[in-house]
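Just so you know, these numbers use all the heavy atoms, side chains as well, and skip hydrogens, waters and symmetry mates.
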Amino acid sequence: MYRVLVERYRAEFGRYASAMLDGDKDDAADALQEAFIRAYDSLASCRDPNRFKAWLFRIVSNQCHNVRKRRRGHLSLERAAEHGEEPASRADDERADIGEVLGMAMNALTTEQREAFILKHVEGRSYAEIAEMLAVGEDALKMRVYRARDELKKRLEELL
């Protein structure tokens, strides 16, 4: 049963976890693994099988929030520098710089805005699907996405 859970949802929720955790594959894998373990151990608490995916998403989302809290203030590029990893070329340097600026702008968003923005514009999910996953109304969700885009635009203009 655990294997089925992981196989069915690993790729989908793995992309989400990676985006929520600034592309850090290790942190995303750790958050996802912990979420799957918690979900498996708590299967009996999922009262509505029709909402299983939304229930599982909340667990994954909570784990991502926990990881972000633990590492708040650390940028993935700083961790790479600590491990002696450096970009191989000028193009890599420029991509790293853009990634750092985008990461700083994304970190300026509230957790709710970041989550809504990633699900809509990175994952490409519909508003109806996201509203169910986040247990919010579609109008409220659309406002979160709008405010996230607006804040990102403002932050990127300041940083660039």
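Side-chain atoms of Ser18 do not come within 3.5 Å of backbone N or O of Gly14 as any donor-acceptor pair. Distance alone, capped at 3.5 Å, places no donor-acceptor pair between the Ser42 side chain and the Ala39 backbone. Distance alone, capped at 3.5 Å, is enough to place a donor-acceptor pair between the Asn62 side chain and the Arg58 backbone.
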Begin with the C-alpha distance, continue with both residues' side-chain angles, and end with the deciding distance and a verdict on salt bridge (charged side-chain N to carboxylate O under 4.0 Å, His left out) for Arg147 and Glu151.
-> CA-CA 6 Å; Arg147 287 184 176 150; Glu151 184 66 25; over 6 Å; no

Test Lys53 against Glu129 for salt bridge (charged side-chain N to carboxylate O under 4.0 Å, His left out), laying out the working first.
-> CA-CA 10 Å; Lys53 189 173 179 180; Glu129 183 179 11; 3.7 Å; yes

Check against salt bridge (charged side-chain N to carboxylate O under 4.0 Å, His left out), Lys154 and Glu157 = CA-CA 5 Å; Lys154 191 168 37 175; Glu157 287 171 351; over 6 Å; no

Can Arg68 and Asp27 be said to form a salt bridge (charged side-chain N to carboxylate O under 4.0 Å, His left out), step by step?
-> CA-CA 9 Å; Arg68 286 183 63 77; Asp27 280 351; over 6 Å; no

Side chain to side chain contact (heavy atoms under 4.5 Å, CB included) between Leu119 and Tyr127, intermediate numbers included = CA-CA 9 Å; Leu119 289 169; Tyr127 283 113; over 6 Å; no

Evaluate side chain to side chain contact (heavy atoms under 4.5 Å, CB included) for Arg144 paired with Thr110, printing each intermediate quantity in order.
-> CA-CA 9 Å; Arg144 280 186 197 176; Thr110 66; over 6 Å; no

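Residue-environment remark: CZ (Arg125) exceeds the threshold of 12 foreign heavy atoms within 6.0 Å. Applying the 6.0 Å contact sphere to OH of Tyr146 captures no more than 12 heavy atoms from other residues, nucleotides or ligands.
Classification of Asp150 and Arg155 as a salt-bridged pair fails, no side-chain N sitting under 4.0 Å from a carboxylate O. Between Glu7 and Arg3 there is a salt bridge, since at least one side-chain N of the basic residue sits less than 4.0 Å from a carboxylate O of the acidic one.
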